[in-house]
2 protein chains.
Amino acid sequence: MNAPGSTKERILSAAEALFAQRGFDGASLRQLTAAAGVNLAAVNYHFGSKEKLVEQVFRRRLDALNADRLAALANVAGKPGTTLEDVLAAYIRPALELSHEGNGALFMRVLARAFAEHDDTLRQFLSENYGHVMRQFTAEFARLLPQLSKEELYWRIDLVTGALTHAMSGFGMIQRKRDVTEQEHREQTAQHLIRFALAGLSHP
Amino acid sequence: MNAPGSTKERILSAAEALFAQRGFDGASLRQLTAAAGVNLAAVNYHFGSKEKLVEQVFRRRLDALNADRLAALANVAGKPGTTLEDVLAAYIRPALELSHEGNGALFMRVLARAFAEHDDTLRQFLSENYGHVMRQFTAEFARLLPQLSKEELYWRIDLVTGALTHAMSGFGMIQRKRDVTEQEHREQTAQHLIRFALAGLSHP
DNA sequence: GATCAGTTCAAACGATCGTTTGAGCATACG
DNA sequence: CGTATGCTCAAACGATCGTTTGAACTGATC
């Protein structure tokens, strides 16, 4: 829709980086438009307000991420041979790929901020637009973990979500070593996350 | 040191609640002092600046929390009969008790925000003042999990930390049911967290 | 070349921010 | 009583915030 070098795209990328670094309140439109190399009034012209810009920053990444997740889930959901690990991979790998491409890692930090903000407007937006994704994954987890009560399953999914958000947003201390490629490192990270989540979900 | 109804204490409590709700930037000194029922200038008079007020909000809770954690760890560290569960309990239970007393739950949300902020000044303050606590626990984990490489252990501790921060700050959907007491609910929560962390740390 | 929608621009708007000031108040000590 | 000290208060400071405005510029259409 938008050319990659267009004013809208330049604003979105600069906003993503500044929101990750300074937060939604902390990043001013003057810093933001200066970093993007556009006029101050361009944000209100193209997006209407700062709040709607925040929404678009989320939409640009989450639409793609959740489409990838649902596509991966569709390949395994409901099938007899499917393992818990398959479902976890469908959930984790798309997020991990996003966090390793371009400014994706910055967006993950924006997402972690949004979780911490507890802002009702933003939470409602996320729930309305992407809540069905989490619901589909939860249903598949329930199918593969029939021995868990609903309460127990919710507890475990909640804790796994916390661990993943924490890890994806780059809080962690783990850095790629010089002697492994980017792709190898991503694969190692995916293995760590999946095995950890597997243990947390299915322990006796 | 400070009387419980003193101006300083009133400011600290109001700051804790407002920082949890609106963030460090989002909560203004005018909202804050109005909620505390004190004059606007009282913050700068008693604390010097808004930033130093933030520091004191952390100090008031973390000094007590980490003292409790270290005391609990001292009871089990290095002893032959000690299990991984004992060490996890020493780490988790003091935080859980704090999050269930008075405004402690609000402080946990403040803490989760601080994690998400990535603010270097604040991170350095936390590392300098409370880093030794995490180091002592890590050493004890290493003793009880000798089969794990240092890298593997760091990975798992990091993910467990993410899950706990997430849970403690009240992101979770789990609410206490009407037919269980507050104390029973805390005990159930502790059991969930400890068993989850146990599985995440010690899985094969 | 005139017209017009789409976009960019510098400038200004009122509001709110953290901080500072100096007068006023209280209580305790000589 | 006089005065020193610790604290509170209303008011103001300059800075910065998100947003709005109206003119200038762009490129396509007739």
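Reminder, nothing fancy here: chain letters follow the sequence lines and each chain counts from 1.
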Report yes if the side chains of [X] and [Y] come closer than 4.5 Å at any heavy-atom pair, otherwise no.
X: B/L122; Y: B/F58; result: yes
X: B/L53; Y: B/L32; result: yes
X: B/T33; Y: B/N39; result: no
X: A/E117; Y: A/R123; result: no
X: A/H100; Y: A/M108; result: no

Any N/O pairs under 3.5 Å between the protein and nucleotides 8-12 of chain D? List them or say none.
unit_1	atom_1	unit_2	atom_2	d
D/dT8	OP1	B/T7	OG1	2.3
D/dT8	OP2	B/H46	NE2	2.7
D/dC9	OP2	B/N39	N	3.3

Pairwise salt bridge (Lys or Arg N to Asp or Glu O under 4.0 Å) hits with a residue in residues 19-43 of chain B, at least two apart: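 Checked against salt bridge (Lys or Arg N to Asp or Glu O under 4.0 Å) - neighbours excluded - no pair reaches residues 19-43 of chain B.
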
Pairwise salt bridge (Lys or Arg N to Asp or Glu O under 4.0 Å) hits with a residue in residues 42-58 of chain A, at least two apart: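 Listed by first then second residue: nothing to list.
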
So, [X] versus [Y]: side-chain donor-acceptor pair below 3.5 Å or not?
X: B/T83; Y: B/D86; result: yes
X: B/Q136; Y: B/E140; result: no
X: B/E184; Y: B/Q188; result: no
X: A/R61; Y: A/N103; result: no

Phosphate OP1/OP2 of D/dT16 contacted by A/S28 side-chain N/O (<4.0 Å):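 So the side chain of A/S28 is outside the cut-off, no N or O lying under 4.0 Å from OP1 or OP2 of D/dT16.
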
Stretch residues 19-27 of chain B: residues that reach within less than 4.0 Å of DNA chain D through a heavy atom: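 The stretch gives none, as no residue of it lies under 4.0 Å from the strand.
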
Without decimals, in angstroms, what is the distance between [X] [atom1] and [N] [atom2]?
X: A/F47; N: C/dT8; atom1: CZ; atom2: P; answer: 11 Å
X: B/I11; N: C/dT19; atom1: CD1; atom2: P; answer: 13 Å
X: B/E51; N: C/dG18; atom1: CD; atom2: P; answer: 12 Å
X: A/N44; N: D/dT20; atom1: CG; atom2: P; answer: 6 Å
X: A/L18; N: D/dC17; atom1: CG; atom2: P; answer: 11 Å
X: A/L32; N: D/dG18; atom1: CG; atom2: P; answer: 9 Å

Candidate list A/I92, A/L145, A/L73, A/L201, test side chain to side chain contact (heavy atoms under 4.5 Å, CB included), partner A/V87, passing option: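 Among the candidates, only A/L73 passes.
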
Helical bend (five base pairs per end, nearest 10°) for the helix from C/dG1-D/dC30 to C/dG30-D/dC1: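 About 20° separates the two local helix axes.
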
Ionic contact status for B/R93 with B/E97, cut-off 4.0 Å: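 No, B/E97 and B/R93 are not salt-bridged.
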
Review item, nucleotides 23-28 of chain D N/O atoms under 3.5 Å of protein N/O:
none

